[in-house]
Number of protein chains: 2
Amino acid sequence: MGEQGSRGPAAPARLRAGVPDATVARLPGYLRALRALADAGRTTVSSEALATAAGVGSAQLRKDLSHLGSYGTRGVGYEVAELVFHISRALGLGRRWPVVLVGVGNLGHALAGYGGFDDRGFSIAALFDVDERRIGERVGEQRVRHLDDLDDVVGAFGVCIGVIATPAHAAQDVCDRLVAAGVTSILNFAPTLLRVPPQVDVRKVDLSNELQILCFHEHRKGFALVEPLLDESMTGEVSA
Amino acid sequence: MGEQGSRGPAAPARLRAGVPDATVARLPGYLRALRALADAGRTTVSSEALATAAGVGSAQLRKDLSHLGSYGTRGVGYEVAELVFHISRALGLGRRWPVVLVGVGNLGHALAGYGGFDDRGFSIAALFDVDERRIGERVGEQRVRHLDDLDDVVGAFGVCIGVIATPAHAAQDVCDRLVAAGVTSILNFAPTLLRVPPQVDVRKVDLSNELQILCFHEHRKGFALVEPLLDESMTGEVSA
DNA sequence: CCGACTTTGTGCATCCGTTCACAAGCGCGT
DNA sequence: ACGCGCTTGTGAACGGATGCACAAAGTCGG
């Protein structure tokens, strides 16, 4: 993607196209912090205050926001409502996004009942499973449908986001069917690497991975206490 | 930090201490891919094959592994079992880590029943909630205990990892109690930013965040189809 | 109307992570 | 025994992200 030439002063310098991934990943956090501030009655907020509320540095916050445009007032700060609007629009939350969820086991139930969906901008278009015993079961406002109906639902609602909450062994097959039906963004809770065509985005959430990462740091903390600067030669030959 | 002089062949150059975070975050993925290979009967694997299985580039895999040591054989590849051992050890998975889970709602149930825990290296030391109606309920092999018992359990099992699966409004309080009890790593499923002392690690998993990030890319795809190179001037004045 | 104070937006330097490309090392066939 | 081909490990270039520090720009009080 070639974005060049921000030099032209006549052009309003729209760099909307080039929002770095790292920034995008933080925008939802800013949005949440802003909503909390709005609920608390604040109408304006400084970069310092918002950054603290979102858990980042103020310089980083300003740089992130600068990628969306100049929506602050120097000497004052940002207007909360305005910033919410602009961040929402940058994230594409202007419309309501229908989402399909596949796999209505323990996790699927939890996700379907989670506030995170209907909360802001997302609605569950349908729940799917392949287990005959679950078909027809009511979960929230939806009834569980058979995965074979996927194409119909995706077509009818214009769904482009799918959530996979199946066991690992079924995930790739479900993924393929989602992609075939036209879904182009997938959130995967199954502990498997999904193979998808290049135009499809996948994000993975894996409990086990996260625990192992925490575990590493915990492990290091332990060593930091006992032997701050020694290398661990004695643990080098446990095998054999 | 100062690793220079690979010229000295006598010094074994132990850089175990300096494993980059980005590398650590990928190690669990390598581990999973290696286990899959082992289950398939493979005893050795090249960086190219393992990288493909883990969804990364081969150069990145080799560099990541080089941070743990030199456990490959040139011209051959890596021995699967050996690599599993070394990565496991680097992650601190040599022992079994007890974990406490707070919040036994929909999500808590799902997490407790998830294979990811007992699967590899983790075991649930106890489940906690504050809702009297849930105290005593059996979930898996555990009974739900009251959060007031937290200190006892953490002390008795030497727990240092806690998982928060409560509603957002309760998360900070639960977090404080976990930290006070001695927990130093927290996996947070509640959509809130947790305030913790600097020595405590927090990782956050947020459904809504992930969906919004996907949403952004989906949003961009839509524009890419309609107007590949135009900037979106007409969407600039939706307000007012 | 002006000057002092506040806060944004951003150039710049730095750091970290990724990728390339290749020399070093190992096994194998002859 | 020896060279050939394969794969690792890593130096080095590259690109992106982070944080600092300050000029630009606005508000507010006098």
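Because the structure is predicted, anything quoted here is derived from the model rather than measured.
- We find that Arg195(B) and Asp176(B) are not joined by a salt bridge, their nearest charged nitrogen and carboxylate oxygen being 4.0 Å or further apart.
- Taking only side-chain atoms of Arg26(B), from C-beta outward, the nucleotide of dA23(D), dT18(C), dT10(D) with the closest atom is dT18(C).
- Looking only at distances, a side-chain donor or acceptor of Lys221(A) sits under 3.5 Å from a matching main-chain atom of Thr184(B).
- Put simply, CG on Leu65(A) is 15 Å from C1' on dT18(D), counting in whole angstrom units.
- Distance CG (Asp21(A)) to C1' (dG17(C)): 14 Å, rounded to an integer number of Å.
- Note on Gly77(B): only backbone sugar-phosphate atoms sit closer than 4.0 angstrom, heavy atoms only; bases stay farther off.
- In this structure, Arg62(A) and Val76(B) both approach DNA chain D, and ranking their closest nucleotides by distance from the 5' end singles out Val76(B).
- Listed candidates were dT8(C), dG11(D), dG25(C). Nearest to the side chain of Ser46(A) is dT8(C).
- With hydrogens and angles ignored, a donor-acceptor pair under 3.5 angstrom links the side chain of Lys63(A) to the base of dG19(D).
- Of the candidate nucleotides dG9(C), dA21(C), dC12(C), dG9(C) has the atom nearest to the side chain of Arg74(A).
- Asn188(B) places none of its side-chain heavy atoms less than 4.5 Å from the side chain of Arg203(B).
- A side-chain donor-acceptor contact under 3.5 Å links Trp97(A) to the backbone of Gly92(A).
- Separating the CG atom of Leu83(B) from the P atom of dG9(D) is a distance of 9 Å, rounded to the nearest angstrom.
- Remark: C1' of dT8(C) and CD of Glu82(A) are 13 Å apart, rounded to the nearest angstrom.
- Between the CD atom of Gln60(B) and the C1' atom of dC16(C) there is a distance of 13 Å, rounded to whole Å.
- The Tyr78(B) side chain lies nearest to dT8(D) when the options are dT10(C), dT18(C), dT8(D).
- Straight-line distance from the CG atom of Leu61(A) to the P atom of dT8(C): 8 Å, rounded to whole Å.
- Between Thr73(B) and dC26(C), a side-chain N or O to OP1/OP2 separation shorter than 4.0 Å is absent.
- In this structure, Leu68(B) atom CG and dG9(D) atom P are separated by 10 Å, rounded to whole Å.
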Worksheet item: Step by step, would you call Asp64(A) with Tyr30(A) a side chain to side chain contact (heavy atoms under 4.5 Å, CB included)?
Response: CA-CA 10 Å; Asp64(A) 283 343; Tyr30(A) 300 156; 2.5 Å; yes

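- Checked against dG17(C), dT7(C), dT18(C), the side chain of Pro20(B) finds its nearest nucleotide in dG17(C).
- Glu79(A) places its CD atom 14 Å from the P atom of dT8(C), with the value rounded to the nearest Å.
- Note on Ser47(A): every side-chain N or O is 4.0 Å or more away from OP1 and OP2 of dT7(C).
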